[in-house]
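To keep things clear, I will list the structure first and then write my remarks on it.
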There are 2 protein chains.
Amino acid sequence: MDFDPAEAFGAQSAIRTLRLLRLLGEAGTEGASLAALVRQSGLSKPTCRRLLIALIEEGMAVQDPTTRLYSLGREIYLLGMVAADRYGIHRVALDSVTRLAQKTGDAAFLQVRHGEEVVCLAREDGTFPLRSHVLKAGDRHLLGAGAGPLALLAALPEAEAESYLATHARALAERYPALVPLLPGLVREARERGYSLNRGILFPGSWGMAMAIRGPSGGVEACLSLAAVESRMQPDREPELAALLAAEVQLVEQRLARESGPPTPLTSPTRTRNLP
Amino acid sequence: MDFDPAEAFGAQSAIRTLRLLRLLGEAGTEGASLAALVRQSGLSKPTCRRLLIALIEEGMAVQDPTTRLYSLGREIYLLGMVAADRYGIHRVALDSVTRLAQKTGDAAFLQVRHGEEVVCLAREDGTFPLRSHVLKAGDRHLLGAGAGPLALLAALPEAEAESYLATHARALAERYPALVPLLPGLVREARERGYSLNRGILFPGSWGMAMAIRGPSGGVEACLSLAAVESRMQPDREPELAALLAAEVQLVEQRLARESGPPTPLTSPTRTRNLP
DNA sequence: AACGATAGGTCCACGATATGGACTTCAATA
DNA sequence: TATTGAAGTCCATATCGTGGACCTATCGTT
């Protein structure tokens, strides 16, 4: 993360604290070690630790006394549930994830777009014993990187997708070197098919499939996805999986439409500074 | 809130930022004005504003451009969903809230205990036109203050409840003056009946009823509750409402038991400093 | 339309506060 | 029992955050 000094505006440690919080989110249920957080945050060890203590004292983080790993605290859950009134999609989508996992036997996910990132909100495992553990709740990837992010990218208006690719080519190439040359083709494929397919591009042998969820206003903010080992996502099973995805996506879309009495505000998180 | 300087340990502004975040949580969906946040936090206006900007830049808060009110941002929702893997009760309890609201026609709530506080996680309104708006998602009250908090207090082991009352008498008296003398009686009543009843003690005319949810390990962490205008909670309707509550509580408890393959860690959020 | 009152927002000199290099402690591996 | 790597802590220093003072916008009132 490392700080661009320009973005510190008298709130350095506030920003640092909040970024740490986000890193804890990415660490998910397992948690993260102090060393890992130091590395990822670019902070010094004492600073990192001090901020973690503050997070812990406020209930926003916890440290496992035996493993010493840090993870999100209950306070964050409580706040998140309050925020869910506004941003929530889980109420209409979580049980679809569960059903997908049950019916397919593989891992199913709910992912949402958040600016240029795609965040995995929920993962549910099926019963099949060979499982891909490449994606878990809290993981974040750039649009396009993985089946879910690919579905979301492909569902964007073409102009928007183009400009995203142009703007983020560098970042994509850095984080996912193998991906960039393939992306335009994958996006086209996904558009034609109606769902995306990731044939082990990011992690060999880990395949994925995803379909975007369109909100009542037409915007795309989330997707359902599946992940499995290569052998479980061959052409023979593809239509079956796609049909299951399609059915659940349709269900979620209906539920979204029904409850959109008060239309969800979906404004971008970027802020324009008030100028003098 | 105001700061006990002793608790600042080189993380003043981190703590301040996180407390602000919590205040935003309490403000719920409506949001809070800068002035309100300044008042509640005890911070100076510039400091408050600066920290809010930091929160906004990190996506953890948003400001409505027309009303200028601040509220929780989408990032908090995302983090909360990740934390839900660990602390979540909503997956097994939210639809009970919905059903209660539908069947009773009144407002139904899910509240959880968090240390000495009880946080309202969700509110769902029924169709009856006279509604109590005394409680909304994000609101926090001390154990004992209101139907839900009362049910949770009454469900505690007797010794624990006693010691809580002893320790927090002052705080209770300060925030809820009318309540304290009545509390012991109310708690006893609730224990005998199996559910709590608040006959407009905190807000005249706003009545409430609640029943605690017991986890598989026997601990009590949450409750379902109902609120209505006085006339809708008279003895004639009481058994009916209590039965509905009991049915949903039982359902939630069953679901909790079923999914407790990996038993939910429910450790307290307080931290013991590592001593040299 | 001029006024006062209330709230949102910002500036910047000062000093309290957060910083990180250096250190200690502990557990696991060799 | 050395050795490595990670967790955790101390404290002198200067950087970063602070809040009094000020500006502006938007009301309701006369």
Side-chain angles (χ1 to χ4, degrees), chain A residues 1-21 23-24 27 30-58 61-71 271-276, chain B residues 1-21 23-24 27 30-58 61-71 271-276:
Chain A
M1 100 195 177
D2 275 316
F3 287 96
D4 175 356
E7 67 184 317
F9 46 97
Q12 190 190 66
S13 65
I15 298 269
R16 287 175 164 191
T17 307
L18 299 174
R19 299 230 173 134
L20 256 187
L21 199 53
L23 288 178
L24 287 179
E30 286 128 70
S33 67
L34 179 58
L37 292 169
V38 166
R39 190 173 349 101
Q40 293 175 286
S41 66
L43 298 172
S44 71
K45 192 160 33 125
T47 297
C48 195
R49 166 90 175 132
R50 191 157 16 81
L51 297 179
L52 283 168
I53 290 176
L55 286 165
I56 289 170
E57 299 231 305
E58 293 303 310
V62 286
Q63 181 175 27
D64 184 302
T66 66
T67 65
R68 325 239 91 178
L69 296 178
Y70 301 85
S71 45
R271 186 188 107 82
T272 327
R273 265 306 213 332
N274 288 26
L275 298 173
Chain B
M1 96 195 179
D2 275 318
F3 287 97
D4 175 358
E7 66 185 317
F9 46 95
Q12 191 189 65
S13 65
I15 298 271
R16 287 174 165 191
T17 307
L18 298 174
R19 299 230 173 133
L20 256 187
L21 199 53
L23 288 178
L24 287 179
E30 285 127 70
S33 68
L34 180 57
L37 292 170
V38 166
R39 192 174 347 102
Q40 295 175 286
S41 67
L43 298 172
S44 71
K45 192 160 32 128
T47 297
C48 196
R49 168 88 175 133
R50 191 158 15 82
L51 297 180
L52 284 168
I53 291 176
L55 285 165
I56 290 170
E57 300 230 305
E58 294 302 312
V62 285
Q63 181 176 26
D64 184 303
T66 66
T67 65
R68 325 239 93 179
L69 295 177
Y70 300 86
S71 44
R271 187 187 108 81
T272 326
R273 267 303 214 332
N274 289 26
L275 298 173

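Proteins get letters first, then strands, A, B, ... in listed order; numbering begins at 1 in each. Here the structure is a predicted model, which is why all the values come from computation and not from measurement.
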Subject >> Distance in angstrom units between B:Arg39 CZ and C:dT6 P, rounded >> reply: 13 Å
**OP:** Report yes if some heavy atom in the side chain of A:Thr17 is under 4.5 Å from a heavy atom in the side chain of B:Ile15; otherwise report no.
**Re:** no
What does the list of N/O pairs under 3.5 Å between the protein and nucleotides 19-23 of chain D look like, with a distance for each?
| residue | atom | partner | partner atom | Å |
| --- | --- | --- | --- | --- |
| D:dG19 | OP2 | B:Ser44 | OG | 3.4 |
| D:dG19 | OP2 | B:Thr47 | OG1 | 3.0 |

Subject >> side-chain contact (heavy atoms from CB on, under 4.5 Å) partners of B:Ala27, counting only residues at least two apart >> reply: B:Ala32
Original post:
Are any of B:Gln63's side-chain N or O atoms less than 4.0 Å away from OP1 or OP2 of C:dG8?
Top reply: no
Original post:
Could you state the CD1-P distance from A:Ile53 to D:dG8, rounded to the nearest angstrom?
Top reply: 8 Å
Original post:
Within the pair B:Gln12 and D:dT18, is there a side-chain N or O less than 4.0 Å away from OP1 or OP2?
Top reply: yes
Original post:
Going by heavy atoms in the side chains, are B:Leu69 and B:Glu30 under 4.5 Å from each other?
Top reply: no
Subject >> side-chain contact (heavy atoms from CB on, under 4.5 Å) involving B:Ser13 - partner list, sequence neighbours excluded >> reply: A:Ser13
Subject >> Global bending angle along the helix from C:dA1-D:dT30 to C:dA30-D:dT1, which compares the axes of five pairs at either end, to 10 degrees >> reply: 40°
**OP:** Could you tell me whether the phosphate oxygens of D:dA6, OP1 or OP2, come under 4.0 Å of any side-chain nitrogen or oxygen in A:Arg68?
**Re:** no
**OP:** Grab the CG-C1' distance between B:Leu20 and D:dT18 for me, whole Å please.
**Re:** 15 Å
Original post:
A:Leu52 has an atom CG; how far is it from atom P of C:dT19, in whole Å?
Top reply: 13 Å
**OP:** For the side chain of A:Ser13, starting at C-beta, report the closest nucleotide among D:dG17, C:dT10, D:dG8.
**Re:** D:dG17
Subject >> Within-4.5 Å side-chain heavy-atom neighbours: B:Leu37 and B:Tyr70 >> reply: yes
**OP:** For A:Ala35, check side-chain contact (heavy atoms from CB on, under 4.5 Å) against everything at least two apart and list the hits.
**Re:** A:Ser33
Under 3.5 Å, N/O pairs linking protein and nucleotides 26-30 of chain C:
none

Original post:
Are any of A:Arg49's side-chain N or O atoms less than 4.0 Å away from OP1 or OP2 of D:dA7?
Top reply: no
Original post:
Can you tell me if the side-chain N/O atoms of B:Tyr70 get under 4.0 Å from OP1 or OP2 in C:dA7?
Top reply: no
